[in-house]
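Okay, structure first, notes after.
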Protein chains: 2
Amino acid sequence: MLDVAEAAFVERGYAAVTTKEIAAAAEVPIGTLYQFFPDKGAILQALAERYTDLLDQQLQHFATEAMLSLPLKSYVEQFIESIDRFFQDTPGYQAVFAEITTVMPETDEAGDQQLIQTFTRILPKLNDHLSAEDCEAISFVMVKAIGNLVWRASGQEPKFRQRLVKETQQLAFNYLSPYLLAAAG
Amino acid sequence: MLDVAEAAFVERGYAAVTTKEIAAAAEVPIGTLYQFFPDKGAILQALAERYTDLLDQQLQHFATEAMLSLPLKSYVEQFIESIDRFFQDTPGYQAVFAEITTVMPETDEAGDQQLIQTFTRILPKLNDHLSAEDCEAISFVMVKAIGNLVWRASGQEPKFRQRLVKETQQLAFNYLSPYLLAAAG
DNA sequence: TCAAAACATGAGCCTGGCTCACATTGTAGC
DNA sequence: GCTACAATGTGAGCCAGGCTCATGTTTTGA
């Protein structure tokens, strides 16, 4: 049912898809659809949560020993590549989150907050001198800046997209270096 | 008329405001409203263009001799402070652009593109060794990353917001340094 | 076997964007 | 001043889409 809605949203956009269509495509009467979801927005929200959990899971991978022991440069590069790949492989994510921001800003915020928290928990493992405040601010910047950049990049021509991903890696590395490199105070 | 719509959108959000209400508040019949704007989205678009021009004008200020001769650090700091101030002083911008992204993505894209172009024209004045490609990629990153960061920061608690603005300045400076500092190749 | 509870259904309500037939005002030729 | 015609203003109502709820239909349990 969610999958049917997802496919429709991806293809034609949230606003253009009617609840009647979703119900018809899922081969259930509208009444039944409204027993599972209190309103149209809830369908979007359910999808959003599914996606955020998926992306969050990917981030978790960067909390593993193997990853944490990499040089910062490689770590950041792989991190961003992984996000880029997620966006490429999950076209629904974009379709859903483009809408979520306006239709349900709280849900969008909650999703970002989940990612920020995950990242805030990773940071001390890279440098245990960082204060909690630092970690929160850095995570915020990373999630909001990189999330938006990679998202916007994914809509560009492949060649330019490649370049933008590289720039994003540069941006992230240059930003994090002073906080995370051994030389930092 | 635009001002009436703006006030309503800021207060209650685009979706919650009906065209009938706008017409009533502006003391014109709906028919008349629809002579000025082909549809509800056009009102939003008109507001968006007004805002983008306003912000673009602020960016132009950073193409002046006086500004260009500043050290990169101060230049970047003032640049971002200026954007932050714009967001603070122009609550309508946020209300409008939160919607624009989904309701009229082309318009949103066009707005960003206008800012990117302006910035692409400034960059060679800071370092004339940069290729056109470099300039475009850097501008893209700056507009999308900083725009989003400052926007999201503006919804946070004042103290945290301050911190985020500082981090954004750091982010921008660290990113631009290799491209723009004399030492750079 | 039969109440009564639980669930499924889709006709239709309601709201909000937008239209268009009609009213009003403005213009020009006599 | 009067009439014909154009330009403009107006708001009742059309239509689509989100959502409800009265009415079946099935399940449960005594």
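Predicted model only: the values in this text are computed from it and were never measured. Computed from heavy atoms alone, side chains included, the values below leave out hydrogens, waters and symmetry copies. Within every chain, numbering begins at 1; the chains are lettered A, B, ... in the order of the sequence lines, protein sequences first and strands thereafter.
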- Is the phosphate of C/dC18, meaning OP1 or OP2, less than 4.0 Å from a side-chain N or O of B/Thr19? no
- Query: Closest to the A/Lys40 side chain: D/dC19, D/dT10, C/dC18?
  - Reply: D/dC19
- Query: Roughly, in whole Å, what's the span from CZ in A/Phe37 to P in D/dT20?
  - Reply: 15 Å
- Message: Measure CD/B/Glu27 against P/D/dG11 and give the value in whole Å, please.
- Response: 13 Å
- Task: Measure centre to centre between the rings of B/Tyr175 and A/Tyr175, then say whether the value is under 6.0 Å.
- Result: no
- Query: Whole-Å distance between C/dT15 P and B/Ile30 CD1?
  - Reply: 15 Å
- Between CD of B/Glu21 and P of C/dT15 the distance, given in whole Å, is 13 Å
- Which part of the nucleic acid, if any, lies within reach of B/Thr18 when heavy atoms closer than 4.0 Å are counted: base, sugar-phosphate only, or nothing? sugar-phosphate
- Considering the options B/Leu149, B/Asn148, B/Val143, B/Val150, which one meets the side chain to side chain contact (heavy atoms under 4.5 Å, CB included) requirement together with B/Ile146? B/Val150
- Task: Output yes when B/Asp108 and A/Arg152 qualify as a salt bridge under the 4.0 Å nitrogen-oxygen rule, no when they do not.
- Result: yes
- Query: For A/Lys20 and D/dG17, is the shortest distance between a side-chain N/O and OP1 or OP2 below 4.0 Å?
  - Reply: no
- Message: How many whole angstroms separate atom CZ of B/Phe36 from atom C1' of C/dT19?
- Response: 18 Å
- Using 4.0 Å as the upper bound for N to carboxylate O, is an ion pair formed by B/Glu6 and B/Arg50? yes
- side chain to side chain donor-acceptor pair (under 3.5 Å) assessment of A/Ser154 paired with A/Gln88: CA-CA 7 Å; A/Ser154 68; A/Gln88 292 294 118; 5.2 Å; no
- Side chain of A/Gln35 - closest among C/dG12, C/dC7, D/dG18: C/dC7
- Measure the distance from CD1 on A/Ile43 to C1' on D/dG17 and round it to the nearest whole Å. 13 Å
- Message: Heavy-atom nearest nucleotide on DNA chain D for A/Gly31 versus A/Ala16: which residue maps closer to 5'?
- Response: A/Ala16
- Query: Between D/dG18, C/dG10, D/dA12, which nucleotide gets closest to the side-chain atoms of A/Tyr34?
  - Reply: D/dG18
- Between D/dG18 atom C1' and A/Leu44 atom CG, what is the distance in whole Å? 15 Å
